[in-house]
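Accompanying notes for the structure given below.
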Amino acid sequence: MIVAVSKGQPAAAIAAAYAAGHRRFGENYLQEALDKIEALSDLDIEWHFIGRIQSNKTRPIAEHFAWVHTLDRSRIAQRLDAQRPEALERLNVLIQVNLEGETQKGGVSPSEIVPLAQAVASLPRLRLRGLMTIPPAEMSEAGLREHFLAVAALGDRLRQEGCDVDTLSMGMSGDFETAVQCGSSCVRIGTAIFGPRERG
Ligand SMILES: *Cc1c(COP(=O)(O)O)cnc(C)c1O
């Protein structure tokens with residue numbers, strides 16, 4: 001699937017992409033996202049949260065999004081589960097992987113994936129779907145390939161552990177072709193769809 005990443009784009013740009021056939025949109029900044037969700041509430045959009053999750057801001061995410069790509073703590077999972085409205089389908093969740101241990105970035109190390117996945121699987125209002133990654137900036141083509149293949153292998157490992165996962169969220173405007181070759185099933189594309197953005 002293609003998630004059109006609309007951070008830094010006005011609601012009118014989202015409406016234009018919707019008219020061109022896009023239905024899934026990704027946002028990083030909660031307040032900006034909520035304003036657009038409100039403005040576009042008459043459109044049948046599937047919203048994806050792809051930014052850092054602050055633990056005191058989980059409720060609007062649980063109430064307004066269909067997917068979260070950036071889970072990295074069981075405490076956040078518990079809050080999203082408790083706050084997911086009964087009237088909505090289960091919230092689809094991806095665990096963000098931080099393979100290189102970059103401290104400025106969210107995500108869990110490989111050894112933390114299985115325990116977090118098991119914690120998510122035990123929560124009734126969440127549905128664990130797989131893994132998400134943002135590779136380090138300035139990686140070579142070979143490095144990117146190695147990175148994406150390692151994340152795909154971690155997805156296989158989750159399945160071996162009995163987790164029913166089907167999604168790898170890998171690839172952005174600059175690297176989606178490599179990501180897809182390495183097994184991505186979900187690309188998050190911003191500038192290649194919308195052109196340059198004002199912030200983010
Ligand atoms: C901004 C962003 C994207 C899209 O990036 P582009 O290079 O504009 O395609 C994808 N994923 C995440 C997590 C982002 O923050």
Side-chain angles (χ1 to χ4, degrees), residues 1-14 16-18 20-37 45-54 57-58 60-61 64-73 76-77 80 91-109 113 116 129-141 143-145 147-148 150-152 154-155 167-200:
M1 66 177 156
I2 297 175
V3 175
V5 175
S6 45
K7 66 179 174 203
Q9 301 293 344
I14 299 175
Y18 184 93
H22 285 285
R23 291 295 176 272
R24 299 182 167 101
F25 291 88
E27 289 280 344
N28 293 55
Y29 306 104
L30 187 58
Q31 193 51 54
E32 178 190 338
L34 294 174
D35 292 345
K36 293 182 211 171
I37 290 170
I45 291 178
E46 182 180 277
W47 292 101
H48 290 238
F49 191 76
I50 63 171
R52 290 295 282 269
I53 307 172
Q54 290 174 256
K57 302 255 176 74
T58 50
I61 296 175
H64 295 285
F65 288 81
W67 287 72
V68 168
H69 290 230
T70 45
L71 185 76
D72 61 5
R73 276 169 289 166
I76 301 275
L80 290 170
L91 179 64
N92 295 294
V93 169
L94 300 170
I95 293 173
Q96 184 178 352
V97 182
N98 188 334
L99 263 191
E100 287 80 7
E102 293 176 282
T103 51
Q104 77 281 16
K105 210 182 259 181
V108 299
S109 67
I113 294 173
L116 182 55
R129 297 299 295 267
L131 301 175
M132 177 273 210
T133 185
I134 306 169
E138 313 289 332
M139 256 196 161
S140 68
E141 178 66 23
L144 276 174
R145 194 168 291 276
H147 176 96
F148 289 136
V151 175
L154 291 166
T167 305
L168 290 174
S169 172
M170 317 195 291
M172 317 199 300
S173 296
D175 59 16
F176 69 88
E177 286 162 313
T178 306
V180 168
Q181 286 163 10
C182 296
S184 173
S185 59
C186 172
V187 292
R188 308 178 308 270
I189 310 291
T191 47
I193 291 175
F194 291 104
R197 53 187 160 253
E198 286 179 0
R199 53 171 284 206

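Atoms within a ligand are numbered from 1 in the order they appear, just like the ligands themselves.
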Identity of the nearest option to atom 12 (C) of ligand 1, non-hydrogen atoms only, from Ile50, Thr133, Val187: Ile50

Ligand 1 versus Ile134: contacting region, heavy-atom distance under 4.0 Å: side chain

Part of Lys7 with heavy atoms under 4.0 Å of ligand 1, whether side chain, backbone, both or neither: side chain

Atoms of ligand 1 close to Arg188 [distance to a heavy atom under 4.0 angstrom, numbered from 1]: 4 (C), 9 (O), 10 (C), 11 (N), 12 (C), 13 (C)

Where ligand 1 meets Ser173 - atom numbers and elements under 4.0 angstrom, heavy-atom basis: 6 (P), 7 (O), 8 (O), 9 (O)

For Thr191, atoms of ligand 1 separated by under 4.0 Å from a heavy atom: 6 (P), 7 (O), 8 (O), 9 (O)

Close approach of Arg197 to ligand 1, heavy atoms, under 4.0 angstrom: yes

Pairing of Arg24 and Glu46 as salt bridge, 4.0 angstrom limit: yes

Contact atoms of ligand 1, heavy-atom distance to Asn28 under 4.0 Å: 14 (C), 15 (O)

Test item: Trp47 and His64 side chains (from C-beta on) under 4.5 Å apart, heavy atoms: no

Distance (rounded to the nearest 0.5 Å) between Ile61 CD1 and Glu27 CD: 12.0 Å

Derivation and outcome, side-chain contact (heavy atoms from CB on, under 4.5 Å), residues Phe25 and Lys36: CA-CA 11 Å; Phe25 291 88; Lys36 293 182 211 171; over 6 Å; no

Flag if over 12 foreign heavy atoms under 6.0 Å of CD, Gln181: yes

Heavy atoms from other residues, nucleotides or ligands near CD of Gln104 exceed 12 (cutoff 6.0 Å): yes

Distance-only N or O hit between ligand 1 and Met172, under 3.5 Å: no

Contact partition for Ile189 relative to ligand 1, non-hydrogen atoms under 4.0 Å: backbone

Exceeds 12 heavy-atom contacts within 6.0 angstrom, atom CD1 of Ile2: no

